K.L.:
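What follows is a structure written as structure tokens; I'll ask about it next.
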2 protein chains.
Amino acid sequence: MEKKSIKDVAEKAGVSTALVSYVLNNRMQGRISEATAARIRKAAKELNYQPNRIAQSLKLQKTRTIGLIVADITNTFSSQIARIVSEEARKKGYLVIIGSADEDAQKCAALIELFLSRQVDGFIIAAADNTEAQLKKLLKQKVPLVLFDRYFPSLKANAVTIDNYRASCTVTEHLIAAGKKRIGIIAYETGLFHLQERLRGYKDTLQQHRLAAPASLTGFVNIDNIEQDVARALDVMLSSRGRADAIYFTSNKLAVAGLKVLVERNIAIPGTLAVVSFDESDSFDFFHAPLTYVKQPLAGIGSEVVSMLISQMDMPASKITSKVLDAILVARASSQPS
Amino acid sequence: MEKKSIKDVAEKAGVSTALVSYVLNNRMQGRISEATAARIRKAAKELNYQPNRIAQSLKLQKTRTIGLIVADITNTFSSQIARIVSEEARKKGYLVIIGSADEDAQKCAALIELFLSRQVDGFIIAAADNTEAQLKKLLKQKVPLVLFDRYFPSLKANAVTIDNYRASCTVTEHLIAAGKKRIGIIAYETGLFHLQERLRGYKDTLQQHRLAAPASLTGFVNIDNIEQDVARALDVMLSSRGRADAIYFTSNKLAVAGLKVLVERNIAIPGTLAVVSFDESDSFDFFHAPLTYVKQPLAGIGSEVVSMLISQMDMPASKITSKVLDAILVARASSQPS
DNA sequence: ATTAGTCGTTTAATCGTTTAAACAAAACGA
DNA sequence: TCGTTTTGTTTAAACGATTAAACGACTAAT
């Protein structure tokens, strides 16, 4: 049961390796006699021959491997995307190698280097903050690349995203419709465009409805200090003067951290405070008041991102495309009018 | 900025490719003049040369790639292990490719085939039910292999596990110490040894304390029908006659499903019912009564599994080893004496 | 009978490395 | 001075596949 090479098959069938390759890849149809073809196929089967993909990759100068870099693999969003992308790619004959940048530009750079040295054919990336320069370098090297989730307006790259601005408007409208007047937001302190868009959607919608958006109702959180920053921000918002009656967490991680605080503080949800989160979390489902959240079309993102990358790899000169998908608001108990 | 090969470096430095290889790999120390070595290193740096790992792999007959097959990547246990294993392997110069078998023997077989065709140097596997035959085949082919989490007593393979029996005893003892007398268990209907061990630990401990373990307090759940089966089992246990006063969920997934039911049924925890789970979940932390759970030493498992595999790959003839780590019980509000 | 096509198959180069063996030049020993 | 080492470098084969080009044996056309 040793490793069999094409040479073994050739020997066993009494032909040259070239012929074996042709037959097994269905090249040169019609030029090869059915008798030898059959003999070769039989020999291959009997030896349980599997072509060595490393050798193939070297010769063909492509590995049929995709490098996927997610923001943070411990987040459901990332792990779901990883699952979907892997499966989608597998269907099309590609293997996906997954790396988690953990929201760190350095780590992201290291992953890109690692994957490049492994000769991936292309990248699918949810970029961390401050990675524009790296991505620009990749683009200049003409490495096939698709961004998702996060993207940079300044970058000429393929991208699959959702309309974060509009989703945020929807969230805010929803809270307003539920009778909330003092809506707070918890957001990251970040340069990432998609997160700024979430903030912008919230602000614009409030303004449109002539509702106040005082600084005290906007909490900025540093990503390296989520727990404390969220707690501090919430305490400000819940202080007696101008108390918030609703809070919009712009990510699931923020929401999870926030809910812990709210539970500790014994805040009634949705009675005292309505809550909405961007993205899902296992936890939301069995919170006593199941959380209202913005659901991203994960399957859509995953399949779109893969087919976009593959089409770019097949025709490297093709135009840059960008696709914007719709997120939907799943309204549940945590934001019911009270 | 095109792809540079060793040939380009050789040309630029005015030497043969062999010399470049020797210098860059620090072979033949002392045989090479410092002057040319420096010239080669300079040329390599200027061209930003990175060796082509595909070509290396082909020549060296090893890819420095490890195939990791987890049971279900959407489970925190798996994704955490994946993160740790990837990082641990990276430190030692290996790349990890991750596959999720989704508890399905067929999928597991397909992943093994896929990874083999990609010439992985070895496997780290959390085997699904009914995969013994496949694993046996791998072993016969002398593919380096380490099992974790799940393992088969009949299989002569390296393994890293925890003592599931003992952990279950601890859980049960803990509940007994909290004054519980009618302790139920929710377990999978499965042939997997480690899960049977959890059940055995529970039963033995009850018996040792001369407590009853009637069939009505043992709920079996089919993995493809978790929600309904858990609900049904719980309803039986909570029916008036011989009502359970504690429940031990043998996995986090079962616990999550169970908690949803318990919340719906308005069961007071730990007042009416104490609850303990095996493994963690994000949700457990902010359940109104944070859940008591069995915490596995993930970092320990991850690093052990990697170093075990690497040492087997380095000396293929080495003895089979198996390591059993300790899990600890994290006691919290959900199982407090009432 | 010569030329030109088909047909089925083989030859050999190639992808980018590694590495044993060969080699030329310099240094050494007698 | 001539053989023997040592030193620094090159040659060339190998890994396992793909594929353009060459090839010999027929067949068909002129």
Side-chain angles (χ1 to χ4, degrees), chain A residues 2-44 47-65 93 95 116-121, chain B residues 2-44 47-65 93 95 116-121:
Chain A
E2 286 312 291
K3 288 276 179 61
K4 297 304 177 190
S5 82
I6 199 171
K7 224 167 152 182
D8 302 307
V9 179
E11 243 158 60
K12 174 146 186 161
V15 295
S16 70
T17 62
L19 215 40
V20 176
S21 174
Y22 289 138
V23 168
L24 265 29
N25 294 304
N26 296 315
R27 290 282 148 72
M28 314 246 105
Q29 312 255 30
R31 308 261 314 154
I32 296 160
S33 84
E34 208 26 75
T36 37
R39 217 165 64 245
I40 288 169
R41 271 189 272 268
K42 181 154 158 281
L47 292 175
N48 188 29
Y49 167 71
Q50 295 295 129
N52 181 325
R53 307 224 34 174
I54 298 297
Q56 277 181 334
S57 295
L58 179 59
K59 174 64 195 181
L60 301 178
Q61 296 292 78
K62 54 175 96 162
T63 54
R64 291 190 84 80
T65 301
L95 179 74
L116 275 180
S117 81
R118 294 287 185 152
Q119 273 45 58
V120 297
D121 293 339
Chain B
E2 283 312 294
K3 286 275 180 62
K4 298 303 176 192
S5 84
I6 200 172
K7 223 168 153 181
D8 301 308
V9 178
E11 244 159 59
K12 173 146 188 163
V15 296
S16 71
T17 62
L19 214 40
V20 176
S21 174
Y22 287 138
V23 169
L24 265 29
N25 294 305
N26 297 314
R27 289 284 148 73
M28 315 245 107
Q29 313 256 30
R31 307 261 314 155
I32 296 161
S33 83
E34 208 26 76
T36 38
R39 217 166 65 244
I40 288 168
R41 272 189 270 267
K42 180 156 158 279
L47 293 175
N48 187 32
Y49 167 71
Q50 295 296 129
N52 181 326
R53 308 223 32 172
I54 298 297
Q56 278 181 332
S57 296
L58 178 59
K59 175 65 195 179
L60 300 178
Q61 297 291 80
K62 54 175 97 160
T63 54
R64 292 189 83 82
T65 301
L95 178 74
L116 275 181
S117 81
R118 294 286 185 153
Q119 284 23 72
V120 297
D121 293 339

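The sequence lines fix the lettering, A, B, ..., with proteins before strands; numbering per chain opens at 1. On a predicted model such as this, the values are computed, not experimentally measured, just so you know.
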K.L.:
Please classify the nucleic acid contact of Leu60(A) as base, sugar-phosphate, or nothing, using heavy-atom distances under 4.0 Å.
P.N.:
sugar-phosphate
K.L.:
Could you check if a side-chain atom of Asn52(A) sits within less than 4.5 angstrom of a side-chain atom of Gln119(B), using non-hydrogen atoms only?
P.N.:
yes
K.L.:
Name the closest nucleotide to the Arg27(A) side chain, picking from dT19(D), dT9(C), dT10(D).
P.N.:
dT19(D)
K.L.:
In whole Å, I'd like the distance from the CZ atom of Arg118(B) to the C1' atom of dG16(D).
P.N.:
16 Å
K.L.:
OP1 or OP2 of dA17(D) versus the side-chain N and O atoms of Tyr49(A): is any pair under 4.0 Å?
P.N.:
yes
K.L.:
Between dG16(D), dT9(D), dT17(C), spot the one nearest the side chain of Pro51(B), thanks.
P.N.:
dT17(C)
K.L.:
Could you state the CZ-P distance from Arg64(B) to dT18(C), rounded to the nearest angstrom?
P.N.:
13 Å
K.L.:
What contact category does Leu58(B) fall into here, base, sugar-phosphate, or nothing, at under 4.0 angstrom with non-hydrogen atoms?
P.N.:
base
K.L.:
Under 3.5 Å, is there any donor-acceptor pair linking the side chain of Tyr22(A) to the base of dA20(D)?
P.N.:
yes
K.L.:
Take the protein atom CG of Leu24(A) and the nucleotide atom C1' of dT18(D), then report the distance between them rounded to whole Å.
P.N.:
12 Å
K.L.:
State which of dT17(C), dT10(C), dG16(D) makes the closest approach to the side chain of Ala18(A).
P.N.:
dT10(C)
K.L.:
Just to be sure I understand the rule, does Gln50(B) reach a base, reach only the sugar-phosphate, or reach nothing, if contact means heavy atoms closer than 4.0 Å?
P.N.:
sugar-phosphate
K.L.:
Please determine, for the side chain of Gln61(B), which listed nucleotide (dT10(D), dC15(D), dT9(D)) has the closest atom?
P.N.:
dC15(D)
K.L.:
With the side chain of Ser33(A) defined as its heavy atoms from C-beta on, choose the nearest nucleotide among dT9(C), dT19(D), dT18(D).
P.N.:
dT9(C)
K.L.:
What integer distance in Å separates Ile54(B):CD1 from dT18(C):C1'?
P.N.:
16 Å
K.L.:
Ignoring backbone atoms, establish whether Asn52(A) has a side-chain N or O less than 4.0 Å from OP1 or OP2 of dC15(D).
P.N.:
no
K.L.:
Report the residue (Arg39(B) or Asn25(A)) whose heavy-atom-nearest nucleotide on DNA chain D is the more 5′ of the two.
P.N.:
Arg39(B)
K.L.:
Surrounding NZ of Lys62(A) (heavy atoms of other residues, nucleotides or ligands, distance under 6.0 Å), is the total greater than 12?
P.N.:
no
K.L.:
Going by heavy atoms in the side chains, are Leu95(B) and Arg64(B) under 4.5 Å from each other?
P.N.:
no
K.L.:
Take the protein atom CZ of Arg31(B) and the nucleotide atom C1' of dT6(D), then report the distance between them rounded to whole Å.
P.N.:
7 Å
K.L.:
Just how far, in rounded Å, is P of dT14(C) from CD1 of Ile6(B)?
P.N.:
18 Å
K.L.:
Using a strict threshold of under 4.0 Å (side-chain N to carboxylate O), is an ion pair present between Glu34(B) and Arg41(B)?
P.N.:
yes
K.L.:
Which of the following nucleotides, dT19(D), dG16(C), dT10(D), is nearest to the side chain of Ser21(A)?
P.N.:
dT19(D)
K.L.:
Looking at Ser16(B), does any N or O in its side chain come under 4.0 Å of the phosphate oxygens OP1/OP2 on dT10(D)?
P.N.:
yes
K.L.:
Looking at the side chain of Thr17(A), which of dG8(D), dA12(C), dC15(C) is the nearest nucleotide?
P.N.:
dA12(C)
K.L.:
To the nearest angstrom, how far is Met28(B) atom CE from dT6(D) atom P?
P.N.:
15 Å
K.L.:
For Leu19(B) and for Lys59(B), locate the closest nucleotide of DNA chain D by heavy-atom distance; then report the residue assigned to the nucleotide nearer the 5' terminus.
P.N.:
Leu19(B)
K.L.:
Are side-chain heavy atoms of Ile54(B) and Ser57(B) found at a separation under 4.5 Å?
P.N.:
no
K.L.:
Spell out, as yes or no, whether a donor-acceptor pair under 3.5 Å connects the side chain of Arg53(B) to the backbone of Arg118(A).
P.N.:
no
K.L.:
For a quick test of reading the model: is some side-chain N or O of Gln56(B) closer than 4.0 Å to OP1 or OP2 of dG16(C)?
P.N.:
no
K.L.:
So, is Thr36(A) close to the dG8(C) phosphate, meaning a side-chain N or O under 4.0 Å from OP1 or OP2?
P.N.:
no
K.L.:
In whole angstrom, what separates Glu11(B)'s CD from dT10(D)'s P?
P.N.:
13 Å
